[in-house]
Enquirer: 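After the structure tokens below, expect a handful of questions from me.
Sequence positions, counted from 1, serve as the residue numbers for this chain.
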Amino acid sequence: MYLRPLSDEVLFGDIFENEFFIDVFVRSDAAAMGGGLMPRRLAERLAEAMNKPLPGNDAHVPLYSPKFPPGQDQSYVLAHGTPQESRRAILLSDSCAVETAMAQQREGRRRRGRLLFAPIMDAPPEQIARLQERPVYGRFPLPPANDADGMDFQGGIAELGRSFTVDVRDVGTDDRIVSLDQPFSEQLEVAWNATAVRRGPLVVRRNALKLAELLARDGTVDEQEEIDAQLVADVLGIAWRIEGQALERVSEALEQNGPVDPVLTGLIDELRAVSSLAGQSAQRLEEYQRRLVRDTDAGDTSPEANA
């Protein structure tokens, strides 16, 4: 499920921890701010007037406010953030986008852009287990891990619906706690697809249940109707994998000048599988359609039907 991040390559699903990983969002009171460093003796007077403690002993204290016009090179904004005990976040940007933004394996290129993260909130194990059993859009469970190799991750819940961006220049490999293995990374991808665009296997499975109800003429779903609806979900699941994994292997083979035959073999097998299942699914749905037509004709007592 989890891997120790051994390489310098940052990937989708990597989990980071740093004090500046804050769940930031804006409201109608968002405003640009100006300001700068204030001598500590003046800052202490201001803090005393506001009845706020001023920690530390720095000679100068940063002071920013919407009342100060922002300077030419300032980009500070008054915003909101969700307090969290541990400043942890999971990377949601696609691995290819990460590689480009971080200039990984690109000598002479500068880092530029932003990466998308979701905050990870602390949660008890029983709450994490419930989400594993019954997935909820926007909340991805991360079980705790404590293995013999010394990997200690307390787990939590990634709030995918609260995503925020981080300047790529401040995303460091040393801030990573753990990475996700391939199967768990795919689960995160499914959850993120469902949250962001209401697409992917998780959404398809739920809609397949609705299809089973639609196929049930008397309102009671039987086993065969569940099987036929699930067949549609299986078809779309394979198509989703082709769009992602199979075609990503094509891209990797081209970029790395790798062998072509195994890539094409895998793609052909996936296409044949989806073709076969799609044909079976269409045939099963046609049977329901013919039955519906027969039932409709049998119940039609209009003069045109009796002519």
Enquirer: May I ask you to check whether over 12 heavy atoms, not counting those of Arg290, lie within 6.0 Å of atom CZ?
Expert: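 Yes, because the 6.0 Å sphere around CZ of Arg290 holds more than 12 heavy atoms from other groups.
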
Enquirer: Taking salt bridge (charged side-chain N to carboxylate O under 4.0 Å, His left out) as the test, write out the residues that go with Arg112, two or more places apart.
Expert: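 Salt bridge (charged side-chain N to carboxylate O under 4.0 Å, His left out) list for Arg112, sorted by chain: empty.
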
Enquirer: Distance check, rounded to the nearest 0.5 Å: Arg205 atom CZ versus Asp234 atom CG?
Expert: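 Interatomic distance, Arg205 CZ to Asp234 CG, rounded to 0.5 Å: 10.0 Å.
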
Enquirer: If we ignore hydrogens and angles and just use 3.5 Å, is the side chain of Thr220 paired with the main-chain N or O of Ala216 as donor and acceptor?
Expert: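 Checking the backbone N and O of Ala216 against the side chain of Thr220, no donor-acceptor pair under 3.5 Å is found.
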
Enquirer: Give a yes or no on whether a salt bridge exists between Asp167 and Arg169, defined as a side-chain N under 4.0 angstrom from a carboxylate O.
Expert: yes

Enquirer: So which residues get pulled into Val260's cluster when ILVMFWY side chains under 4.5 Å apart are joined, directly or through others?
Expert: Leu264

Enquirer: Any idea which heavy atoms bring Pro141 and Phe184 closest together, and the distance?
Expert: O-CZ, 3.7 Å

Enquirer: Are any non-hydrogen side-chain atoms of Pro143 and Met1 less than 4.5 angstrom apart?
Expert: yes

Enquirer: By ring pair (Phe, Tyr, Trp, His ring centres under 6.0 Å), which residues pair with His80, not counting sequence neighbours?
Expert: Phe25

Enquirer: Return the set of residues passing salt bridge (charged side-chain N to carboxylate O under 4.0 Å, His left out) with Arg139 (not counting sequence neighbours), or none when no residue passes.
Expert: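 Salt bridge (charged side-chain N to carboxylate O under 4.0 Å, His left out) check on Arg139 returns Glu159.
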
Enquirer: Please list, chain by chain and in numerical order, all residues satisfying side-chain contact (heavy atoms from CB on, under 4.5 Å) with Ser276, sequence neighbours excluded.
Expert: Gln280

Enquirer: Are Ile177 and Phe153 close enough, and set up right, to give a side-chain contact (heavy atoms from CB on, under 4.5 Å), and what steps lead you there?
Expert: CA-CA 8 Å; Ile177 307 173; Phe153 176 62; 4.2 Å; yes

Enquirer: Please report the interatomic distance OG(Ser93) to CH2(Trp192), rounded to the nearest 0.5 Å.
Expert: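 It comes to 9.0 Å.
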
Enquirer: For Ala31 and Pro66, which heavy atoms make the closest approach, and how far apart are they?
Expert: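 Scanning both residues completely, I find the closest heavy atoms to be CB-CB, 4.0 Å.
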
Enquirer: Can you give me the closest heavy-atom contact between Ala233 and Ala208, atom names plus distance?
Expert: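 Heavy-atom minimum between the residues: CB-CB, 4.0 Å.
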
Enquirer: Would Arg88 pass as a cation-pi partner of Phe117, given that its NZ or CZ must be under 6.0 Å from the six-membered ring centre and within 45 degrees of the axis?
Expert: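 No, Arg88 does not sit over the ring of Phe117.
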
Enquirer: Is there a side-chain contact between Phe12 and Ser179, using heavy atoms and a 4.5 Å cut-off?
Expert: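 Heavy-atom side-chain distance check fails, nothing below 4.5 Å.
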
Enquirer: Please report the closest heavy-atom contact between Val171 and Arg111, naming both atoms and the distance.
Expert: O-NH1, 2.8 Å

Enquirer: Atom CD in Glu270, atom CD in Glu243: separation rounded to 0.5 Å?
Expert: 12.5 Å

Enquirer: Measure the spacing between CD of Gln182 and CD of Gln187 and express it to the nearest 0.5 Å.
Expert: 11.0 Å

Enquirer: Ignoring hydrogens and geometry, is there a side-chain-to-backbone donor-acceptor pair from Asn207 to Val204 under 3.5 Å?
Expert: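 Absent.
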
Enquirer: Drop me the distance from Leu115's CG to Thr165's OG1, to the nearest 0.5 angstrom.
Expert: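 Spacing of CG (Leu115) from OG1 (Thr165) equals 9.0 Å.
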
Enquirer: Who are the salt bridge (charged side-chain N to carboxylate O under 4.0 Å, His left out) partners of Glu48, not counting sequence neighbours?
Expert: none

Enquirer: Any heavy-atom pair between the side chains of Leu285 and Leu215 that's under 4.5 Å?
Expert: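 Of all side-chain heavy-atom pairs linking Leu285 with Leu215, at least one is under 4.5 Å.
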
Enquirer: Does the Glu225 side chain pair with the main chain of Asp222, one donor and one acceptor, at a distance under 3.5 Å?
Expert: yes

Enquirer: Tell me every residue that passes ring pair (Phe, Tyr, Trp, His ring centres under 6.0 Å) with Tyr76, counting only those two or more places apart in sequence or in another chain.
Expert: Tyr64

Enquirer: Salt bridge (charged side-chain N to carboxylate O under 4.0 Å, His left out) with Arg198: which residues, sequence neighbours excluded?
Expert: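 Salt bridge (charged side-chain N to carboxylate O under 4.0 Å, His left out) list for Arg198, sorted by chain: empty.
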
Enquirer: Counting distance only, does the side-chain N/O of Asp58 pair as donor-acceptor with the main-chain N or O of Val61 below 3.5 Å?
Expert: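 No, the answer is negative, given that no donor and acceptor are paired below the 3.5 Å cut-off.
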
Enquirer: With the side chain counted from C-beta on, respond yes when Ile120 and Phe140 share a heavy-atom pair under 4.5 Å apart, and no when they do not.
Expert: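 No, side chains not in contact.
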
Enquirer: Is there a donor-acceptor contact under 3.5 Å from the side chain of Tyr288 to the main chain of Asp228?
Expert: no

Enquirer: Quick one: list whatever passes side-chain hydrogen bond (donor to acceptor under 3.5 Å, both in side chains) with Arg45, sequence neighbours left out.
Expert: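 Not a single residue meets the side-chain hydrogen bond (donor to acceptor under 3.5 Å, both in side chains) criterion with Arg45.
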
Enquirer: Tell me, do Ile157 and Ile128 make a side-chain contact under 4.5 Å, heavy atoms counted?
Expert: yes

Enquirer: Let me confirm one number: the CG-CG distance from Leu188 to Leu180, rounded to the nearest 0.5 Å.
Expert: 6.0 Å

Enquirer: Shortest non-hydrogen contact from Ser163 to Leu92?
Expert: CB-CD1, 4.2 Å

Enquirer: For the side chain of Asn193 and the backbone of Glu189, is there at least one donor-acceptor N/O pair under 3.5 Å apart?
Expert: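 Pair found, side chain donor or acceptor close to backbone of Glu189.
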
Enquirer: What residues join Ile238 in its hydrophobic cluster, counting side-chain heavy atom gaps under 4.5 Å, either direct or through other members?
Expert: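 Via sub-4.5 Å side-chain contacts, Ile238 links to Leu231, Val235, Ile242, Leu247, Val250, Val263, Leu267, Leu271, Val274, Leu277.
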
Enquirer: Do you reckon Val232 sits in the same ILVMFWY cluster as Val190, going by side-chain contacts under 4.5 Å, direct or chained?
Expert: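 No, no single cluster joins them.
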
Enquirer: Heavy-atom distance under 4.5 Å between the side chains of Pro135 and Leu202, does that happen here?
Expert: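 Result yes, sub-4.5 Å side-chain heavy-atom pair found.
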
Enquirer: Indicate yes or no for a side-chain donor-acceptor contact from Asp181 to the backbone of Leu3 under 3.5 Å, with no hydrogens or angles considered.
Expert: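 Flag not set: sc Asp181 to bb Leu3 has no pair under 3.5 Å.
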
Enquirer: Has Glu126 got more than 12 heavy atoms of other residues, nucleotides or ligands less than 6.0 Å from its CD?
Expert: yes

Enquirer: Please table the atom pairs, donor to acceptor, closer than 3.5 Å between any side-chain atom in residues 15-22 and protein atoms at least two apart or in another chain.
Expert:
unit_1, atom_1, unit_2, atom_2, d
Asn18, ND2, Asp175, OD1, 3.1
Asn18, ND2, Asp175, OD2, 3.2

Enquirer: Any side-chain heavy-atom pair from Gln224 and Arg284 closer than 4.5 angstrom?
Expert: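 They are in contact (side-chain heavy atoms under 4.5 Å apart), so the answer is yes.
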
Enquirer: Donor-acceptor check, side chain of Arg40 to backbone of Gly56, threshold 3.5 angstrom: yes or no?
Expert: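 Looks like yes, one N/O pair under 3.5 Å.
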
Enquirer: Do Leu11 and Leu91 come within less than 4.5 Å of each other through their side chains, counting heavy atoms only?
Expert: no

Enquirer: Would you find more than 12 non-hydrogen atoms of other residues, nucleotides or ligands less than 6.0 Å from Asp29 atom CG?
Expert: yes

Enquirer: State whether the side chain of Glu213 and the backbone N or O of Lys210 hold a donor-acceptor pair below 3.5 Å, judged by distance alone.
Expert: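 Not at all, since once roles are kept as given, no pair shorter than 3.5 Å links the two residues.
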
Enquirer: Phe68: which other cluster members, linking ILVMFWY side chains closer than 4.5 Å, directly or transitively?
Expert: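 For the cluster that includes Phe68, the remaining residues are Met38, Leu42, Leu46, Met50, Leu63.
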
Enquirer: Which atom names give the shortest non-hydrogen contact between Arg162 and Pro119, and what distance separates them?
Expert: O-CD, 3.3 Å

